[in-house]
Amino acid sequence: MARALAEAPARDVLAVGVGPAAAAAGTATALARAAAEGRPFDLVVSAGIGGGFPPDLPPGTPGAPVGTPGAPVGTPGAPVGSLVVADEITVADLGAETPEGFAPVTELGFGAVTHRPPPSLVREVAAACGAATGTVLTVSTVTGSAERAAGLRLRHPRALAEAMEGFGVAEAAALHGLPVLEVRAISNPVGPRDRAAWRIGDALAALSDAFGKFAPVLRSWNTHD
Ligand SMILES: O=C(O)c1cccc(C(=O)CC[C@H]2O[C@@H](n3cnc4c(=O)[nH]cnc43)[C@H](O)[C@@H]2O)c1
């Protein structure tokens with residue numbers, strides 16, 4: 001989180017735990033405390049590792065990997081080791097199962113399922129660190145099957161990645177009228193559970209490298225969107 005100060009902006013790094021509820025509670029508490037102390041934040045960044053949806057390239061494309069079954073051909077994805085900056089932060093499993101399939105809470109008449117970070121900030125941060133931009137889903141359960149991956153991809157064709165905190169952080173930021181950004185370094189493919197394939201160390205190294213590259217953007221970014 002970054003604070004507007006007369007001199008260099010201050011940054012606080014907070015480990016808020018795993019999952020949207022812990023992330024929302026931790027973020028909201030920190031924002032409220034800072035505001036009460038007269039040192040409010042002006043930007044909230046949710047960052048961590050995440051699962052990347054494999055790209056579904058047209059058949060015959062050289063080197064085309066096997067993507068998510070059921071995803072429209074040509075759907076982009078996020079390979080392990082890559083970076084994603086969310087242009088949409090969407091909660092994927094907040095809703096109800098109905099005979100017609102999953103219904104998001106918005107269709108039931110409640111709340112929100114998507115937050116949109118400021119487009120210019122997304123563009124500038126992604127350009128600075130070589131990240132792809134797209135939807136990052138927030139889930140409460142790490143996807144562990146091809147069927148669920150395919151279902152998510154069908155409902156969210158723009159999704160590049162899934163993680164577990166972004167929507168919670170975004171809800172807290174929205175409550176405080178603050179812009180939010182989500183950055184994920186891809187540690188594993190979204191799909192059938194294969195714990196041995198997770199590259200957490202490499203993803204954390206990529207994330208820390210990315211912060212070094214886009215920190216100047218955060219410092220100079222003004223809320224002009
Ligand atoms: O299942 C395990 O053995 C296991 C071991 C270490 C970590 C985990 C996690 O589930 C970490 C969740 C943590 O990382 C983010 N994350 C990373 N990849 C994904 C994913 O494919 N789907 C959802 N979340 C993911 C998440 O934001 C959490 O903070 C499991």
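Whatever order the structure lists ligands and atoms in, that order sets their numbers, starting from 1.
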Nearest protein heavy atom with distance in Å, relative to atom 8 (C) of ligand 1: W198 CZ3, 3.7 Å

Protein contact to atom 3 (O) of ligand 1 [nearest heavy atom, distance to 0.1 Å]: R195 NE, 2.9 Å

Identity and distance of the protein heavy atom lying nearest atom 15 (C) of ligand 1: I49 O, 3.3 Å

Minimum-distance protein heavy atom relative to atom 10 (O) of ligand 1: V142 CG2, 3.5 Å

Nitrogen or oxygen of R193 less than 3.5 angstrom from that of ligand 1: yes

G50 heavy atom under 4.0 Å from ligand 1: yes

Identity and separation of the nearest protein heavy atom to atom 29 (O) of ligand 1: E165 OE2, 2.7 Å

Top protein contact for atom 19 (C) of ligand 1, by heavy-atom distance: G51 N, 3.4 Å

pair P189-F53: side-chain heavy atoms closer than 4.5 Å: no

M164-ligand 1 polar pair, N/O distance under 3.5 Å: yes

Non-hydrogen atoms of G166 and E182 that approach each other most closely: CA-OE1, 3.4 Å

Closest contact, heavy atoms only, I186 versus A161: CD1-CB, 3.8 Å

Heavy-atom nearest neighbour in the protein, as seen from atom 21 (O) of ligand 1, with distance rounded to 0.1 Å: N188 ND2, 2.8 Å

Cationic N near anionic O, under 4.0 Å, R184 to E165: yes

Shortest non-hydrogen contact between A173 and V44, atoms and distance: CB-CG2, 3.9 Å

Side-chain H-bond candidate by donor/acceptor type, R148 with T143, under 3.5 Å: yes

Flag for T90-T135: side-chain donor and acceptor within less than 3.5 Å: no

Minimum side-chain heavy-atom gap P117-I89 below 4.5 Å: yes

For atom 22 (N) of ligand 1, the protein heavy atom that lies nearest, with its residue and separation: E162 OE2, 2.5 Å

Within-cut-off N or O pair, R184 and ligand 1, under 3.5 Å: yes

